[in-house]
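Chain identifiers are assigned alphabetically (A, B, ...) following the order of the sequence lines, protein sequences preceding nucleic acid strands; residue numbering begins at 1 within each chain.
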Amino acid sequence: MTTIINAPAVTAPQELDRAPRPRRRTTPKFTLGRAMAWVALGAVMLITLIPFYWMLRTSFSTSTSLGSDPGSLLPVDFTFGAYERVLGLATPAEALAEGGSGASINFWVYLRNSLIVATVTTIGQVLFCSMAAYAFARLQWRGRDLVFSAFIAALMVPPIFTTIPNFVTIRELGLLNTYAGIILPTLLMTPFAIFFLRQFFLGISREVEEAAIIDGAGTLRRFFQVILPLGSAPIVTLAILTYITSWNEYFWPQLVGREEEVRVLTVALGVFRSQTPQGGPDWAGLMAATLIAALPILVMFIFLGRRVINSIGYSGVK
Amino acid sequence: MKKTTRALALLAAMPLLALTACSGGGGGDADAAAAGSITYWLWDSNQQPAYQQCATDFEAANPGASIKIEQYGYDDYFQTLTTSLVGGNAPDVITNHPSFFPQLASTGQLLALDDVVESEGINFDDYQAGIPELWVGEDGDRYGMPKDWDTVATIYNAAYLTEGGLTPESLVNLDWNPEDGGTWEDTIAHLSIDKNGVRGDEAGYDPQNVEVYGLGLKSKSGIGAFGQTQWSMYALSAGWEYSDKNPFGTEFNYADDEYIDTIAWWRSLIEKGYMPSYQAASSGVGIKDAFGAGSYALVTDGSWNARSYYGFEGIDAGIAPLPTGPTGERVGVLNGLADSVLASSENPELSKKWVGYMSTEACQNVVADAAVVFPALNSSSERAREAFTAAGIDVSVYFDAVAAGSVELAPIANHWVDVLAIMEPAVESVLIFEAEPESLKEAATDVNKLFAND
Amino acid sequence: MTAPAIDRRPARSSARTPTKKNLFGLKRREAIAAWLFVAPALVGFIAFYLWPAISGLYYSFTDFDLLTAPEFIGVANYTRLLSDPLFWNALGTTSWYVLINIGLQTVLALGIAVLMQRLTQSMVVRGVVMLPYLIANVIAALVWFYMFDFQFGIINEIIAGIGLDRVAFFGESEWAIPTVAFINVWRHMGYTALLIFAGLQAIPKDVYEAGAIDGGSELRMFRSITLPLLRPVLAMVLVVTVTGSFQIFDTIAVTTQGGPVNATRVINYYIFDMAFNRFDFGYGSAMALALFVLLAVFTFVQLRLTRANKSDLG
């Protein structure tokens with residue numbers, strides 16, 4: 001782990017994206033090599049996108065008809081039926097007739113739960129980890145290196161190892177099937193978040209903070225008025241990554257939050273998957289459900305696209 | 001086994017914890033009106049509309065009561081139940097299976113329901129013989145209110161019979177044995193057709209490229225330990241028994257030659273190209289859809305599924321008896337489901353009332369009219385038979401089998417979850433040719449170890 | 001916003017020319033503030049990392065069923081582990097999975113990153129490539145579960161269409177793990193490519209220009225410039241992805257659930273099953289600890305081998 005601790009100081013890749021890049025002297029010539037490279041990149045994009053299209057195509061098909069034309073590129077026997085039964089707008093009898101089970105996805109409740117869990121986790125984790133990272137990067141105190149090493153050591157622990165005792169803890173606290181139970185283990189800190197932010201905070205110019213000290217600013221004010229604004233790029237990056245991770249988390253919430261009232265979308269999907277009708281999976285319904293579950297994060301991506309993409313690159317260079 | 005006992009003890013104490021965790025729960029107010037909200041689980045989606053109707057009727061008769069029905073596929077059902085018990089979000093009432101209930105009952109997961117029998121004024125003489133007794137635990141208490149019964153038969157694709165020059169009558173007197181499969185295997189072979197149109201009993205049959213399999217294959221669903229719709233009719237008709245005694249057997253007979261020979265013969269159908277590979281059968285499409293797509297000529301399946309084989313467009317299905325075995329008898333498993341109340345329920349009064357309602361005439365008749373299963377109450381069962389007939393489905397084969405006594409009860413035993421955990425992978429690996437049938441003897445030893453320390 | 005200016009000086013107390021007394025007071029105040037700043041994270045660390053690590057270690061020496069108090073049984077869980085074929089099978093399947101997953105993913109991601117670097121800076125391309133990362137494992141698993149289906153899946157339709165035998169991707173022991181690995185490669189390759197891409201962007205352009213003047217071919221420049229300069233980033237990516245790869249659970253939980261037979265019973269799924277379905281939390285903890293130790297050794301060796309701490313850029 002020493003490598004990570006001694007990781008080189010940070011460059012900000014945002015700069016690389018924003019700064020005018022030296023243009024190539026000539027527009028690239030058409031060569032066979034470039035054409036083949038474009039074909040390869042096109043193939044990658046196609047493989048990436050096909051499953052999304054297939055979700056869409058299948059979700060508008062009639063489940064019982066899918067077998068008659070599995071290779072059809074268009075929906076088989078077009079219908080909104082899958083969405084109706086998944087969203088609980090169809091009666092169990094109607095659902096059954098179309099190859100579904102009586103199960104539906106209580107979409108708005110699960111969406112609310114996913115939003116609450118991901119938002120609270122993100123805000124808490126980013127705030128508390130920023131604070132800790134600040135103390136590790138900018139403040140002098142006895143025990144700092146010891147505590148930091150302990151935190152970093154936690155990076156090495158495979159999550160399954162802490163999952164069992166954490167489940168016991170949450171259970172003994174009576175927090176099974178509560179938001180708190182789902183959120184708590186990642187609310188206050190993750191080793192990665194602290195390590196990540198500390199790297200960036202180490203790089204913030206000392207002069208600005210010293211100027212604030214001369215102005216008589218206390219630690220708290222320096223943190224909020226100097227460090228947070230200057231560190232906003234990595235903080236936003238961390239927030240986006242945390243949000244995506246938290247939104248997609250399945251293992252922990254399916255252990256402690258299966259109850260309807262706190263069930264998040266991923267868990268709901270797992271439950272829906274096990275609600276297989278007698279005949280075999282209701283593929284159209286399942287694909288409609290997956291698409292519905294994926295939709296919120298895809299919408300977020302549309303609005304925050306550039307920001308998210310930069311974040312990924314940003315997180316890598318450290 | 002010690003581990004298991006421990007797990008059982010844990011299960012036993014779980015309701016207590018659930019109660020303390022859910023402060024302010026309904027509590028056990030004896031004279032409270034049957035009001036509140038409970039959750040009911042079942043696994044057969046085909047039965048859900050009928051029980052939904054029962055729930056609606058029940059809610060109308062009991063203002064303030066609300067029943068929420070959730071369905072989980074059978075292959076996930078009991079695991080989901082365990083996870084829910086550990087995770088503190090178990091339902092109030094569940095559809096229960098005879099093989100699974102002893103473990104739940106002996107660990108205190110289920111409420112005794114003898115008072116329901118009394119309060120509903122039930123006389124079990126009015127129910128399908130042999131079914132109500134299934135649900136009495138080792139302690140003598142009743143843990144399930146019987147709701148239906150079922151058994152197994154052959155279901156055929158009529159067009160394939162005609163093409164092969166056979167009639168439904170020619171399926172009536174088939175015999176089976178583990179050596180050459182008897183006339184049963186001859187028929188299956190004859191009904192198998194490869195891509196070139198060659199039949200399975202003709203020279204040049206290509207077992208690698210099969211168009212129609214003579215016999216269908218259902219994956220999972222207790223394929224190792226129970227084999228209810230898969231191999232039980234062969235093994236039982238060869239004189240094999242699941243365990244030393246039933247219910248509550250303590251020594252299982254998976255090491256017996258009758259069992260191993262049966263599995264070996266059954267698997268040989270895959271090699272011969274008369275039955276699909278297990279890999280294909282366990283993919284996304286179930287046995288019924290494959291039948292509906294015309295991939296199978298015959299299948300063996302339970303009465304609860306009979307109706308769905310009739311629902312396919314362009315497929316003319318029919319029901320025939322099972323073959324007789326080396327003992328000269330035909331034997332199908334007689335089984336039935338019941339409803340149980342979980343001890344962790346916060347509203348035991350309402351739960352019990354709902355369970356009672358489902359096992360008595362009003363709901364039994366609603367289920368009968370839906371024509372999907374045979375209700376446990378005799379009068380409703382007759383009514384279901386008529387409803388099936390009205391729907392163009394002659395189910396008399398199932399009724400005749402029971403009337404003729406050619407049935408045996410499903411295995412009822414403790415540790416069933418662990419038995420399954422051992423036998424399922426063991427038989428699966430035989431079916432995908434990664435292990436030989438002889439290897440099942442090892443699994444049998446492991447199964448019997450489960451009961452050694454009881 | 002502007003990127004922060006860079007200052008490599010180590011953190012130090014920042015009051016200017018303080019008097020001794022002043023310094024002491026400041027230091028004290030700063031230390032108190034620091035502890036307050038660290039407090040929430042520290043609570044989280046103690047409650048959800050340190051304490052579980054200690055109790056997990058303890059559980060691994062007990063027979064623990066979640067409800068009755070854990071009962072100390074010495075190393076029984078570990079001796080059981082040594083002779084449990086399913087544990088070793090789980091380690092084997094997990095390693096096989098990680099090998100395919102990481103191998104394929106790293107090669108593809110590197111390829112995509114280089115293609116993007118040489119061809120286009122387009123945000124659309126980058127957006128498309130990382131799209132799968134946004135959706136949950138559960139979703140990716142279900143879509144591919146359908147597409148790989150024996151009868152209904154488009155992939156088998158294509159296979160049958162060109163006259164080959166259909167493949168039971170999830171039903172065939174030898175196919176199950178590669179199929180699961182492929183699904184996760186699909187979800188993560190774009191994300192990994194963007195990480196590598198960022199690393200590529202950091203390589204100064206003039207290095208390539210110099211290479212081009214020397215008449216190096218694309219392939220040679222890739223081997224002699226890109227790869228060596230990318231090594232620290234690649235090493236970091238590998239550490240992160242390998243660690244993540246060992247966590248494989250979601251995909252298996254919603255598709256094969258460990259089957260066929262035990263072909264996809266990976267370690268996380270086996271531990272989960274042992275603890276949460278069979279109430280054997282003690283044995284589950286022992287296996288988790290064993291995994292921890294193995295991973296630690298593995299990471300150590302990996303770091304040594306890839307010399308992650310040495311960038312050829314200097």
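Side-chain contact between B:F312 and B:K288 is present, with at least one heavy-atom pair separated by less than 4.5 Å. Between A:I170 and A:W252 the shortest side-chain heavy-atom distance falls below 4.5 Å. Contact annotation: the side chain of B:N305 never approaches that of B:I287 to less than 4.5 Å [non-hydrogen atoms, C-beta and beyond].
Interface remark: B:K218 contributes no atoms to any contact with chain A (heavy atom separation under 4.5 Å). Contact annotation for B:N89: both backbone and side-chain heavy atoms come within less than 4.5 Å of a heavy atom of chain A. A:F272 does not touch chain B: none of its heavy atoms, backbone or side chain, sits under 4.5 Å away.
For the residue pair B:D92 / B:S345, a side-chain donor-acceptor distance below 3.5 Å is found, with atom types taken as modelled.
Note on B:G87, B:A50, B:S84: by heavy-atom pairs under 4.5 Å with chain A, the leading option is B:G87.
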